[in-house]
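Single-structure report; data block below.
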There are 2 protein chains.
Amino acid sequence: MNDLSSPLHSLKVTCSNCSLRELCLPVGLNRDEMAQLDAVIRQSRRFKRGEYLFRSGEGFRSLYAVRTGYFKTCVSSQDGREQVTGFHMSGELMGLDGISSNTHGCDAIALEDSEVCELPFSRMESLGRDIPSLQHHFFRLMSREIVRDQSVMLLLGNMKAEERLAAFLLNLSQRLASRGFAANDFILRMSREEIGSFLGLKLETVSRTLSKFQQQGWIRVDHKHIQLVRPEELKALVAGCSQANSAG
Amino acid sequence: MNDLSSPLHSLKVTCSNCSLRELCLPVGLNRDEMAQLDAVIRQSRRFKRGEYLFRSGEGFRSLYAVRTGYFKTCVSSQDGREQVTGFHMSGELMGLDGISSNTHGCDAIALEDSEVCELPFSRMESLGRDIPSLQHHFFRLMSREIVRDQSVMLLLGNMKAEERLAAFLLNLSQRLASRGFAANDFILRMSREEIGSFLGLKLETVSRTLSKFQQQGWIRVDHKHIQLVRPEELKALVAGCSQANSAG
DNA sequence: GATCTGCATTGACGCTCATCAAGCAAGCTC
DNA sequence: GAGCTTGCTTGATGAGCGTCAATGCAGATC
(Lines give C-alpha, C1' and ligand atoms only; values in the text may rest on other atoms or scores of the structure.)
Protein backbone atom coordinates (compact mmCIF):
# COMPACT_ATOMS: atom_id res chain seq x y z
CA MET A 1 0.00 0.00 0.00
CA ASN A 2 1.59 3.24 -1.05
CA ASP A 3 1.01 6.46 0.77
CA LEU A 4 -0.73 8.40 -1.93
CA SER A 5 -2.50 10.64 0.50
CA SER A 6 0.37 12.15 2.35
CA PRO A 7 2.32 13.69 -0.46
CA LEU A 8 5.07 14.98 1.71
CA HIS A 9 8.54 13.66 1.75
CA SER A 10 10.34 14.72 4.80
CA LEU A 11 7.81 14.52 7.51
CA LYS A 12 8.62 15.33 11.09
CA VAL A 13 5.83 16.21 13.42
CA THR A 14 7.74 15.56 16.60
CA CYS A 15 9.07 19.04 17.27
CA SER A 16 6.49 21.60 18.24
CA ASN A 17 8.10 24.57 16.54
CA CYS A 18 9.08 22.96 13.31
CA SER A 19 9.01 25.23 10.33
CA LEU A 20 7.07 24.45 7.25
CA ARG A 21 9.93 23.17 5.22
CA GLU A 22 10.21 20.31 7.67
CA LEU A 23 6.54 19.63 7.34
CA CYS A 24 5.99 19.50 3.68
CA LEU A 25 8.83 20.65 1.55
CA PRO A 26 11.59 18.59 0.13
CA VAL A 27 14.96 18.13 1.61
CA GLY A 28 17.80 18.98 -0.67
CA LEU A 29 17.65 22.74 -0.42
CA ASN A 30 20.79 24.55 0.60
CA ARG A 31 20.93 27.10 3.38
CA ASP A 32 20.31 30.06 1.12
CA GLU A 33 17.30 28.43 -0.50
CA MET A 34 15.92 27.56 2.91
CA ALA A 35 16.18 31.19 3.91
CA GLN A 36 14.32 32.28 0.80
CA LEU A 37 11.59 29.78 1.59
CA ASP A 38 11.32 30.94 5.17
CA ALA A 39 10.85 34.48 3.98
CA VAL A 40 7.84 33.47 1.93
CA ILE A 41 6.01 31.22 4.35
CA ARG A 42 3.65 33.06 6.62
CA GLN A 43 3.30 32.53 10.33
CA SER A 44 0.95 29.76 11.14
CA ARG A 45 -2.68 30.49 11.91
CA ARG A 46 -4.96 28.69 14.35
CA PHE A 47 -8.48 27.49 13.72
CA LYS A 48 -11.04 26.21 16.16
CA ARG A 49 -13.09 23.12 15.47
CA GLY A 50 -15.76 23.95 12.91
CA GLU A 51 -14.08 27.09 11.57
CA TYR A 52 -13.58 27.55 7.85
CA LEU A 53 -10.06 27.83 6.53
CA PHE A 54 -11.53 28.92 3.21
CA ARG A 55 -14.82 28.62 1.39
CA SER A 56 -15.76 27.67 -2.12
CA GLY A 57 -15.98 30.81 -4.21
CA GLU A 58 -13.56 32.87 -2.17
CA GLY A 59 -10.58 34.37 -3.90
CA PHE A 60 -7.56 32.10 -4.03
CA ARG A 61 -4.24 33.46 -2.83
CA SER A 62 -2.54 30.78 -0.83
CA LEU A 63 -2.10 27.10 -0.31
CA TYR A 64 -2.33 25.85 3.25
CA ALA A 65 -0.38 23.06 4.91
CA VAL A 66 -1.76 21.44 8.01
CA ARG A 67 0.70 21.73 10.89
CA THR A 68 -1.42 20.24 13.62
CA GLY A 69 -5.00 19.08 13.73
CA TYR A 70 -7.39 17.84 11.13
CA PHE A 71 -9.40 19.27 8.26
CA LYS A 72 -12.01 18.10 5.82
CA THR A 73 -12.53 19.55 2.37
CA CYS A 74 -15.89 19.33 0.67
CA VAL A 75 -17.74 20.48 -2.40
CA SER A 76 -21.42 21.20 -2.07
CA SER A 77 -24.12 21.53 -4.66
CA GLN A 78 -26.76 24.22 -4.77
CA ASP A 79 -29.42 21.93 -3.38
CA GLY A 80 -27.35 21.29 -0.29
CA ARG A 81 -25.84 17.95 -1.12
CA GLU A 82 -22.36 17.77 0.28
CA GLN A 83 -19.49 15.60 -0.84
CA VAL A 84 -16.47 15.36 1.41
CA THR A 85 -13.51 15.16 -0.96
CA GLY A 86 -10.83 14.45 1.62
CA PHE A 87 -9.60 14.44 5.18
CA HIS A 88 -6.31 16.17 5.76
CA MET A 89 -3.83 15.64 8.55
CA SER A 90 -0.49 17.10 9.45
CA GLY A 91 1.82 17.78 6.55
CA GLU A 92 -0.87 17.70 3.91
CA LEU A 93 -1.65 20.51 1.54
CA MET A 94 -5.03 22.08 0.81
CA GLY A 95 -6.20 24.55 -1.77
CA LEU A 96 -4.63 23.16 -4.94
CA ASP A 97 -8.01 23.25 -6.66
CA GLY A 98 -8.05 27.03 -6.36
CA ILE A 99 -5.19 27.66 -8.75
CA SER A 100 -7.15 26.99 -11.92
CA SER A 101 -9.74 29.71 -11.51
CA ASN A 102 -8.16 31.92 -8.86
CA THR A 103 -11.12 30.91 -6.74
CA HIS A 104 -11.34 28.20 -4.13
CA GLY A 105 -13.38 25.29 -5.43
CA CYS A 106 -14.21 23.68 -2.10
CA ASP A 107 -14.67 24.42 1.57
CA ALA A 108 -11.98 23.54 4.08
CA ILE A 109 -13.19 23.10 7.65
CA ALA A 110 -11.28 22.26 10.82
CA LEU A 111 -12.42 19.01 12.41
CA GLU A 112 -10.62 19.91 15.63
CA ASP A 113 -8.56 22.82 16.87
CA SER A 114 -5.86 23.07 14.25
CA GLU A 115 -2.95 25.04 12.96
CA VAL A 116 -1.93 25.69 9.36
CA CYS A 117 0.91 27.37 7.53
CA GLU A 118 0.04 29.69 4.70
CA LEU A 119 1.96 29.55 1.44
CA PRO A 120 1.24 32.57 -0.75
CA PHE A 121 0.99 30.91 -4.12
CA SER A 122 2.37 33.56 -6.44
CA ARG A 123 5.46 33.90 -4.29
CA MET A 124 5.90 30.15 -4.19
CA GLU A 125 5.54 30.14 -7.93
CA SER A 126 8.28 32.67 -8.51
CA LEU A 127 10.46 30.96 -5.93
CA GLY A 128 9.99 27.76 -7.90
CA ARG A 129 11.58 29.47 -10.89
CA ASP A 130 14.72 30.12 -8.87
CA ILE A 131 14.77 26.73 -7.17
CA PRO A 132 14.11 23.97 -9.70
CA SER A 133 13.74 21.25 -7.10
CA LEU A 134 11.03 23.30 -5.43
CA GLN A 135 9.17 23.73 -8.67
CA HIS A 136 9.43 20.04 -9.36
CA HIS A 137 8.16 19.27 -5.89
CA PHE A 138 5.07 21.35 -6.48
CA PHE A 139 4.31 19.54 -9.69
CA ARG A 140 4.69 16.28 -7.82
CA LEU A 141 2.36 17.40 -5.05
CA MET A 142 -0.33 18.33 -7.52
CA SER A 143 0.14 15.13 -9.46
CA ARG A 144 -0.15 13.12 -6.27
CA GLU A 145 -3.44 14.77 -5.53
CA ILE A 146 -4.66 13.70 -8.97
CA VAL A 147 -3.56 10.12 -8.30
CA ARG A 148 -5.36 10.17 -4.97
CA ASP A 149 -8.52 11.47 -6.60
CA GLN A 150 -8.38 8.68 -9.17
CA SER A 151 -8.20 6.09 -6.46
CA VAL A 152 -11.22 7.65 -4.76
CA MET A 153 -13.05 7.39 -8.09
CA LEU A 154 -12.23 3.70 -8.20
CA LEU A 155 -13.53 3.36 -4.67
CA LEU A 156 -16.76 5.22 -5.37
CA GLY A 157 -17.33 3.64 -8.74
CA ASN A 158 -16.50 0.02 -8.09
CA MET A 159 -16.46 -0.94 -4.44
CA LYS A 160 -19.13 -2.17 -2.06
CA ALA A 161 -19.84 -0.62 1.32
CA GLU A 162 -17.66 -3.05 3.27
CA GLU A 163 -14.79 -2.63 0.87
CA ARG A 164 -15.04 1.14 1.02
CA LEU A 165 -14.98 1.24 4.77
CA ALA A 166 -12.13 -1.26 5.00
CA ALA A 167 -10.13 0.81 2.53
CA PHE A 168 -10.89 3.93 4.51
CA LEU A 169 -9.78 2.46 7.83
CA LEU A 170 -6.62 1.01 6.34
CA ASN A 171 -5.77 4.29 4.70
CA LEU A 172 -6.19 6.21 7.94
CA SER A 173 -4.15 3.61 9.74
CA GLN A 174 -1.33 3.83 7.29
CA ARG A 175 -1.23 7.63 7.25
CA LEU A 176 -1.17 7.76 11.03
CA ALA A 177 1.57 5.14 11.15
CA SER A 178 3.68 7.16 8.74
CA ARG A 179 3.43 10.04 11.21
CA GLY A 180 4.64 7.96 14.09
CA PHE A 181 1.25 7.22 15.62
CA ALA A 182 -0.17 3.82 16.41
CA ALA A 183 -1.42 2.12 13.27
CA ASN A 184 -4.06 -0.05 14.93
CA ASP A 185 -5.47 2.14 17.65
CA PHE A 186 -6.73 5.60 16.81
CA ILE A 187 -9.45 8.19 17.26
CA LEU A 188 -11.67 9.18 14.38
CA ARG A 189 -11.78 12.92 14.06
CA MET A 190 -14.86 12.96 11.87
CA SER A 191 -18.47 11.93 12.35
CA ARG A 192 -20.14 8.90 10.81
CA GLU A 193 -21.96 11.26 8.52
CA GLU A 194 -18.72 12.79 7.26
CA ILE A 195 -17.22 9.36 6.69
CA GLY A 196 -20.37 8.43 4.80
CA SER A 197 -20.23 11.53 2.68
CA PHE A 198 -16.65 10.80 1.74
CA LEU A 199 -17.38 7.15 0.94
CA GLY A 200 -20.67 7.72 -0.87
CA LEU A 201 -22.66 5.99 1.88
CA LYS A 202 -25.27 7.03 4.41
CA LEU A 203 -24.29 7.33 8.04
CA GLU A 204 -26.46 4.34 8.99
CA THR A 205 -24.56 2.16 6.54
CA VAL A 206 -21.25 3.33 8.00
CA SER A 207 -22.48 2.52 11.47
CA ARG A 208 -23.85 -0.87 10.50
CA THR A 209 -20.70 -1.81 8.64
CA LEU A 210 -18.49 -0.86 11.58
CA SER A 211 -20.72 -3.00 13.80
CA LYS A 212 -20.42 -5.88 11.40
CA PHE A 213 -16.62 -5.64 11.38
CA GLN A 214 -16.73 -5.63 15.16
CA GLN A 215 -19.00 -8.65 15.34
CA GLN A 216 -16.55 -10.51 13.16
CA GLY A 217 -13.79 -9.60 15.55
CA TRP A 218 -11.86 -7.61 12.98
CA ILE A 219 -12.01 -4.28 14.76
CA ARG A 220 -13.12 -2.84 18.08
CA VAL A 221 -15.36 0.23 18.05
CA ASP A 222 -16.01 2.51 20.99
CA HIS A 223 -17.59 5.61 19.55
CA LYS A 224 -14.72 7.40 17.83
CA HIS A 225 -12.10 5.09 19.24
CA ILE A 226 -11.16 2.44 16.70
CA GLN A 227 -8.86 -0.52 17.12
CA LEU A 228 -7.85 -2.72 14.24
CA VAL A 229 -7.68 -6.21 15.68
CA ARG A 230 -7.24 -8.14 12.46
CA PRO A 231 -6.15 -5.63 9.82
CA GLU A 232 -5.19 -8.51 7.53
CA GLU A 233 -8.88 -9.36 7.19
CA LEU A 234 -9.62 -5.79 6.15
CA LYS A 235 -6.79 -6.00 3.66
CA ALA A 236 -8.23 -9.19 2.26
CA LEU A 237 -11.50 -7.36 1.70
CA VAL A 238 -9.89 -4.70 -0.44
CA ALA A 239 -7.39 -7.07 -2.01
CA GLY A 240 -7.40 -6.56 -5.71
CA CYS A 241 -8.37 -2.93 -5.31
CA SER A 242 -4.75 -1.96 -4.96
CA GLN A 243 -5.42 1.54 -6.15
CA ALA A 244 -8.25 2.06 -3.75
CA ASN A 245 -6.78 1.83 -0.31
CA SER A 246 -5.17 5.21 -0.57
CA ALA A 247 -8.40 7.09 -0.19
CA GLY A 248 -7.97 9.88 2.24
CA MET B 1 -21.97 25.28 -16.64
CA ASN B 2 -18.30 25.97 -16.75
CA ASP B 3 -15.98 23.99 -18.90
CA LEU B 4 -13.90 22.30 -16.27
CA SER B 5 -12.99 19.43 -18.50
CA SER B 6 -11.34 21.20 -21.35
CA PRO B 7 -8.60 23.03 -19.55
CA LEU B 8 -7.30 24.70 -22.60
CA HIS B 9 -7.61 28.32 -23.32
CA SER B 10 -6.92 29.02 -26.86
CA LEU B 11 -8.56 26.24 -28.71
CA LYS B 12 -8.56 26.03 -32.46
CA VAL B 13 -9.24 22.76 -34.14
CA THR B 14 -10.15 24.18 -37.47
CA CYS B 15 -6.77 24.09 -39.14
CA SER B 16 -5.46 20.65 -39.89
CA ASN B 17 -1.81 21.39 -39.35
CA CYS B 18 -2.06 23.48 -36.25
CA SER B 19 0.85 23.14 -33.90
CA LEU B 20 0.42 22.21 -30.30
CA ARG B 21 0.66 25.68 -28.90
CA GLU B 22 -2.56 26.52 -30.69
CA LEU B 23 -4.19 23.47 -29.26
CA CYS B 24 -3.39 23.69 -25.64
CA LEU B 25 -0.94 26.31 -24.67
CA PRO B 26 -1.66 29.83 -23.68
CA VAL B 27 -1.56 32.81 -25.90
CA GLY B 28 0.62 35.62 -24.71
CA LEU B 29 3.96 34.16 -25.64
CA ASN B 30 6.23 36.26 -27.80
CA ARG B 31 7.84 34.99 -30.96
CA ASP B 32 11.00 33.88 -29.26
CA GLU B 33 9.12 31.97 -26.60
CA MET B 34 6.99 30.31 -29.26
CA ALA B 35 10.14 29.14 -30.98
CA GLN B 36 11.48 27.66 -27.77
CA LEU B 37 8.21 25.84 -27.27
CA ASP B 38 8.22 24.49 -30.80
CA ALA B 39 11.68 23.12 -30.24
CA VAL B 40 10.49 21.08 -27.29
CA ILE B 41 7.25 19.66 -28.63
CA ARG B 42 7.67 16.41 -30.49
CA GLN B 43 6.08 15.54 -33.75
CA SER B 44 2.65 14.13 -33.31
CA ARG B 45 2.12 10.38 -33.16
CA ARG B 46 -0.82 8.38 -34.47
CA PHE B 47 -2.72 5.66 -32.68
CA LYS B 48 -5.26 3.22 -34.01
CA ARG B 49 -8.48 2.48 -32.19
CA GLY B 50 -7.76 0.29 -29.18
CA GLU B 51 -4.04 1.06 -29.02
CA TYR B 52 -2.42 2.10 -25.76
CA LEU B 53 -0.85 5.54 -25.55
CA PHE B 54 0.68 4.48 -22.24
CA ARG B 55 0.01 1.91 -19.57
CA SER B 56 -0.16 2.06 -15.83
CA GLY B 57 3.24 1.23 -14.41
CA GLU B 58 5.24 2.39 -17.42
CA GLY B 59 7.91 4.99 -16.91
CA PHE B 60 6.69 8.54 -17.18
CA ARG B 61 8.50 10.92 -19.47
CA SER B 62 5.93 12.97 -21.30
CA LEU B 63 2.53 14.49 -21.17
CA TYR B 64 0.33 13.97 -24.19
CA ALA B 65 -2.16 16.36 -25.75
CA VAL B 66 -4.90 15.01 -27.97
CA ARG B 67 -4.76 16.61 -31.40
CA THR B 68 -7.46 14.59 -33.08
CA GLY B 69 -9.51 11.65 -31.98
CA TYR B 70 -10.60 10.38 -28.63
CA PHE B 71 -9.04 8.62 -25.65
CA LYS B 72 -10.14 7.10 -22.41
CA THR B 73 -8.01 6.84 -19.30
CA CYS B 74 -8.65 4.15 -16.72
CA VAL B 75 -7.25 2.68 -13.56
CA SER B 76 -7.66 -1.02 -13.00
CA SER B 77 -7.39 -3.10 -9.87
CA GLN B 78 -5.58 -6.39 -9.59
CA ASP B 79 -8.79 -8.38 -9.72
CA GLY B 80 -9.65 -6.86 -13.06
CA ARG B 81 -12.13 -4.22 -12.04
CA GLU B 82 -11.72 -1.23 -14.27
CA GLN B 83 -12.65 2.36 -13.57
CA VAL B 84 -12.67 4.79 -16.48
CA THR B 85 -11.39 8.05 -15.03
CA GLY B 86 -12.02 10.24 -18.04
CA PHE B 87 -12.69 10.67 -21.73
CA HIS B 88 -10.36 13.00 -23.54
CA MET B 89 -10.96 14.91 -26.74
CA SER B 90 -8.94 17.33 -28.79
CA GLY B 91 -6.91 19.81 -26.85
CA GLU B 92 -6.99 17.88 -23.61
CA LEU B 93 -3.93 16.72 -21.73
CA MET B 94 -3.21 13.24 -20.42
CA GLY B 95 -0.54 11.84 -18.15
CA LEU B 96 -0.52 14.38 -15.32
CA ASP B 97 -0.88 11.59 -12.80
CA GLY B 98 2.50 10.23 -13.82
CA ILE B 99 4.52 13.15 -12.48
CA SER B 100 4.25 12.20 -8.83
CA SER B 101 5.93 8.83 -9.05
CA ASN B 102 7.66 9.01 -12.43
CA THR B 103 5.35 6.20 -13.39
CA HIS B 104 2.07 6.37 -15.25
CA GLY B 105 -0.81 5.71 -12.88
CA CYS B 106 -3.42 4.81 -15.46
CA ASP B 107 -3.88 3.40 -18.93
CA ALA B 108 -4.65 5.67 -21.87
CA ILE B 109 -6.37 3.98 -24.79
CA ALA B 110 -7.50 5.38 -28.14
CA LEU B 111 -11.25 5.09 -28.68
CA GLU B 112 -10.82 5.80 -32.37
CA ASP B 113 -7.92 6.49 -34.68
CA SER B 114 -6.23 9.43 -33.03
CA GLU B 115 -3.27 11.73 -33.00
CA VAL B 116 -1.39 13.16 -30.04
CA CYS B 117 1.43 15.59 -29.43
CA GLU B 118 4.10 14.59 -26.99
CA LEU B 119 5.41 17.07 -24.43
CA PRO B 120 8.59 15.84 -22.77
CA PHE B 121 7.93 16.83 -19.21
CA SER B 122 11.37 17.68 -17.92
CA ARG B 123 11.95 19.99 -20.88
CA MET B 124 8.59 21.63 -20.34
CA GLU B 125 9.51 22.04 -16.72
CA SER B 126 12.73 23.85 -17.45
CA LEU B 127 11.05 25.93 -20.13
CA GLY B 128 8.54 26.94 -17.51
CA ARG B 129 11.34 28.42 -15.46
CA ASP B 130 12.24 30.69 -18.34
CA ILE B 131 8.67 31.54 -19.28
CA PRO B 132 6.63 32.36 -16.18
CA SER B 133 3.32 32.39 -18.00
CA LEU B 134 4.01 28.88 -19.21
CA GLN B 135 4.80 27.68 -15.72
CA HIS B 136 1.64 29.28 -14.44
CA HIS B 137 -0.36 27.67 -17.19
CA PHE B 138 0.86 24.24 -16.20
CA PHE B 139 -0.12 24.80 -12.61
CA ARG B 140 -3.53 25.85 -13.82
CA LEU B 141 -3.91 22.78 -16.01
CA MET B 142 -3.10 20.48 -13.13
CA SER B 143 -5.40 22.35 -10.80
CA ARG B 144 -8.20 22.10 -13.31
CA GLU B 145 -7.77 18.37 -13.43
CA ILE B 146 -8.14 18.30 -9.63
CA VAL B 147 -11.32 20.36 -9.85
CA ARG B 148 -12.69 18.03 -12.50
CA ASP B 149 -11.90 15.01 -10.36
CA GLN B 150 -13.71 16.56 -7.42
CA SER B 151 -16.82 17.05 -9.49
CA VAL B 152 -16.66 13.42 -10.56
CA MET B 153 -16.48 12.47 -6.89
CA LEU B 154 -19.63 14.48 -6.27
CA LEU B 155 -21.28 12.68 -9.14
CA LEU B 156 -20.23 9.22 -7.98
CA GLY B 157 -20.92 9.87 -4.32
CA ASN B 158 -24.21 11.71 -4.45
CA MET B 159 -26.09 11.33 -7.70
CA LYS B 160 -28.61 8.77 -8.95
CA ALA B 161 -28.28 6.94 -12.25
CA GLU B 162 -30.48 9.39 -14.20
CA GLU B 163 -28.65 12.38 -12.82
CA ARG B 164 -25.28 10.87 -13.64
CA LEU B 165 -26.21 10.14 -17.20
CA ALA B 166 -27.81 13.55 -17.71
CA ALA B 167 -24.69 15.22 -16.35
CA PHE B 168 -22.56 13.08 -18.63
CA LEU B 169 -24.53 13.92 -21.78
CA LEU B 170 -24.60 17.63 -20.96
CA ASN B 171 -20.90 17.66 -20.30
CA LEU B 172 -20.13 15.97 -23.61
CA SER B 173 -22.48 18.36 -25.37
CA GLN B 174 -20.83 21.37 -23.88
CA ARG B 175 -17.30 20.21 -24.62
CA LEU B 176 -18.20 19.46 -28.21
CA ALA B 177 -19.90 22.83 -28.57
CA SER B 178 -16.80 24.61 -27.30
CA ARG B 179 -14.89 22.92 -30.12
CA GLY B 180 -17.30 24.14 -32.74
CA PHE B 181 -19.31 20.95 -33.11
CA ALA B 182 -23.05 20.62 -32.75
CA ALA B 183 -24.09 20.66 -29.13
CA ASN B 184 -27.27 18.60 -29.53
CA ASP B 185 -26.36 16.03 -32.12
CA PHE B 186 -23.30 13.90 -31.69
CA ILE B 187 -21.76 10.45 -31.86
CA LEU B 188 -20.64 8.64 -28.75
CA ARG B 189 -17.12 7.38 -29.18
CA MET B 190 -17.33 4.96 -26.27
CA SER B 191 -19.38 1.87 -25.53
CA ARG B 192 -22.21 1.64 -23.00
CA GLU B 193 -19.89 -0.35 -20.81
CA GLU B 194 -17.26 2.39 -20.82
CA ILE B 195 -19.85 5.01 -20.02
CA GLY B 196 -21.04 2.81 -17.18
CA SER B 197 -17.56 2.33 -15.84
CA PHE B 198 -17.00 6.06 -15.81
CA LEU B 199 -20.33 6.76 -14.12
CA GLY B 200 -20.22 3.91 -11.62
CA LEU B 201 -23.10 2.08 -13.32
CA LYS B 202 -23.56 -1.19 -15.18
CA LEU B 203 -24.00 -1.10 -18.94
CA GLU B 204 -27.59 -2.32 -18.64
CA THR B 205 -28.42 0.63 -16.43
CA VAL B 206 -26.87 3.01 -18.93
CA SER B 207 -28.90 1.45 -21.70
CA ARG B 208 -32.14 1.50 -19.73
CA THR B 209 -31.65 5.09 -18.66
CA LEU B 210 -30.98 6.20 -22.22
CA SER B 211 -34.17 4.41 -23.27
CA LYS B 212 -36.08 6.13 -20.50
CA PHE B 213 -34.84 9.55 -21.59
CA GLN B 214 -35.89 8.69 -25.12
CA GLN B 215 -39.35 7.56 -24.04
CA GLN B 216 -39.80 10.88 -22.28
CA GLY B 217 -38.88 12.65 -25.49
CA TRP B 218 -35.81 14.29 -24.01
CA ILE B 219 -33.27 12.67 -26.30
CA ARG B 220 -33.15 10.52 -29.40
CA VAL B 221 -30.92 7.45 -29.37
CA ASP B 222 -29.79 5.51 -32.41
CA HIS B 223 -26.96 3.33 -31.24
CA LYS B 224 -24.04 5.73 -30.79
CA HIS B 225 -25.87 8.62 -32.37
CA ILE B 226 -27.37 10.88 -29.70
CA GLN B 227 -29.61 13.89 -30.16
CA LEU B 228 -30.56 16.11 -27.29
CA VAL B 229 -34.13 17.14 -27.99
CA ARG B 230 -34.89 18.82 -24.69
CA PRO B 231 -31.56 19.53 -23.02
CA GLU B 232 -33.32 21.82 -20.57
CA GLU B 233 -35.01 18.78 -19.05
CA LEU B 234 -31.65 17.13 -18.57
CA LYS B 235 -30.37 20.30 -16.99
CA ALA B 236 -33.31 20.31 -14.63
CA LEU B 237 -32.35 16.80 -13.55
CA VAL B 238 -28.88 17.84 -12.53
CA ALA B 239 -29.94 21.26 -11.27
CA GLY B 240 -28.45 21.84 -7.91
CA CYS B 241 -25.50 19.66 -8.73
CA SER B 242 -23.69 22.59 -10.23
CA GLN B 243 -20.31 21.04 -9.65
CA ALA B 244 -21.28 17.79 -11.24
CA ASN B 245 -22.03 18.56 -14.83
CA SER B 246 -18.42 18.95 -15.70
CA ALA B 247 -17.71 15.27 -15.57
CA GLY B 248 -15.61 14.28 -18.51
C1' DG C 1 -25.99 -13.76 -49.11
C1' DA C 2 -24.87 -16.55 -44.83
C1' DT C 3 -22.59 -16.68 -40.70
C1' DC C 4 -20.11 -14.80 -36.98
C1' DT C 5 -19.05 -11.55 -33.49
C1' DG C 6 -19.56 -7.66 -30.63
C1' DC C 7 -22.59 -4.51 -28.65
C1' DA C 8 -27.12 -3.00 -27.20
C1' DT C 9 -31.76 -3.68 -25.55
C1' DT C 10 -35.18 -5.56 -22.61
C1' DG C 11 -37.23 -8.41 -19.00
C1' DA C 12 -37.32 -10.95 -14.51
C1' DC C 13 -35.45 -11.34 -10.19
C1' DG C 14 -32.71 -10.42 -6.06
C1' DC C 15 -29.34 -8.02 -3.29
C1' DT C 16 -27.45 -3.86 -1.33
C1' DC C 17 -28.05 0.00 0.58
C1' DA C 18 -31.19 4.16 1.45
C1' DT C 19 -35.00 5.52 4.05
C1' DC C 20 -37.86 5.99 7.98
C1' DA C 21 -38.23 5.45 12.68
C1' DA C 22 -37.27 4.32 17.47
C1' DG C 23 -34.21 4.19 21.15
C1' DC C 24 -29.84 5.00 23.55
C1' DA C 25 -25.57 7.26 25.35
C1' DA C 26 -22.79 11.27 26.23
C1' DG C 27 -22.20 15.98 26.80
C1' DC C 28 -24.48 20.35 27.39
C1' DT C 29 -27.24 24.08 30.11
C1' DC C 30 -29.90 25.39 33.66
C1' DG D 1 -30.04 16.04 38.69
C1' DA D 2 -33.62 17.19 34.95
C1' DG D 3 -34.03 18.13 30.44
C1' DC D 4 -32.12 19.16 26.10
C1' DT D 5 -29.17 18.41 22.07
C1' DT D 6 -26.23 15.84 19.23
C1' DG D 7 -24.47 11.78 17.42
C1' DC D 8 -24.70 6.80 17.14
C1' DT D 9 -26.92 2.28 16.84
C1' DT D 10 -30.31 -0.87 15.35
C1' DG D 11 -34.49 -2.62 13.11
C1' DA D 12 -38.07 -2.84 9.40
C1' DT D 13 -39.11 -1.87 4.83
C1' DG D 14 -38.62 -0.84 0.08
C1' DA D 15 -36.41 1.44 -4.01
C1' DG D 16 -32.81 1.37 -7.11
C1' DC D 17 -29.69 -0.77 -9.40
C1' DG D 18 -26.93 -5.10 -10.27
C1' DT D 19 -27.20 -9.75 -12.08
C1' DC D 20 -28.57 -13.22 -15.18
C1' DA D 21 -30.53 -14.43 -19.38
C1' DA D 22 -32.83 -14.05 -23.86
C1' DT D 23 -33.15 -11.54 -27.95
C1' DG D 24 -32.01 -8.31 -31.53
C1' DC D 25 -29.29 -5.48 -34.51
C1' DA D 26 -25.23 -4.06 -37.36
C1' DG D 27 -20.95 -4.47 -39.25
C1' DA D 28 -17.14 -7.73 -40.52
C1' DT D 29 -15.63 -11.77 -42.88
C1' DC D 30 -15.88 -15.18 -46.06
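Throughout, a chain's letter reflects where its sequence line sits, starting with A, and its residues are numbered from 1.
If you measure from atom CZ of Arg81(A) to atom P of dT19(C), you get 10 Å, rounded to the nearest angstrom. Per the geometry, CG belonging to Leu188(B) stands 17 Å off C1' belonging to dG6(C), to the nearest Å. Distance, Leu199(A) CG to dA18(C) C1': 15 Å, rounded to whole Å.
At a non-hydrogen distance threshold of 4.0 Å, Gly200(B), Leu201(B), Lys202(B), Glu204(B), Thr205(B), Arg208(B) from residues 200-216 of chain B come into contact with DNA chain D.
Ring pair Phe186(A)/Phe181(A): centre-to-centre distance not below 6.0 Å.
Of the charged side-chain nitrogens involved, none lies within less than 4.0 Å of a carboxylate oxygen, so that Arg144(A) and Glu92(A) do not count as a salt-bridged pair. One finds a salt bridge joining Glu145(A) and Arg148(A) here, because a Lys/Arg side-chain nitrogen approaches an Asp/Glu carboxylate oxygen to under 4.0 Å. Arg45(B) and Glu51(B) are not joined by a salt bridge, as no carboxylate oxygen comes within less than 4.0 angstrom of a charged side-chain nitrogen.
Each of His223(A) and Lys160(A) was assigned the nucleotide of DNA chain D with the nearest heavy atom; the assignment lying further toward the 5' end belongs to His223(A).
Evaluated for a side chain to side chain contact (heavy atoms under 4.5 Å, CB included) with Phe213(B), the options Ile226(B), Val229(B), Leu228(B), Leu169(B) yield exactly one hit, Leu169(B). The only member of Asn184(B), Asp222(B), Asp185(B) that meets side-chain hydrogen bond (donor to acceptor under 3.5 Å, both in side chains) when paired with Gln227(B) is Asp185(B).
No donor-acceptor contact under 3.5 angstrom links the side chains of Ser197(B) and Glu82(B), judged on distance only.
Residues Leu172(A) and Met89(A) have side chains in contact (heavy-atom distance under 4.5 Å, counting atoms from C-beta outward).
When the local axes at the two ends of the helix from dG1(C)-dC30(D) to dC30(C)-dG1(D) are compared, using 5 base pairs at each end, they differ in direction by 40° after rounding to 10°.
Extent of DNA chain D lying under 4.0 Å from chain B heavy atoms, first and last nucleotide in 5' to 3' order, is dC17(D) to dA26(D).
Aromatic ring orientation, Phe71(A) versus Phe47(A): perpendicular (interplanar angle above 60°, classes split at 30° and 60°).
With a 6.0 Å radius and a threshold of 12 heavy atoms from other residues, nucleotides or ligands, Lys212(A) has its NZ atom at or below the threshold.
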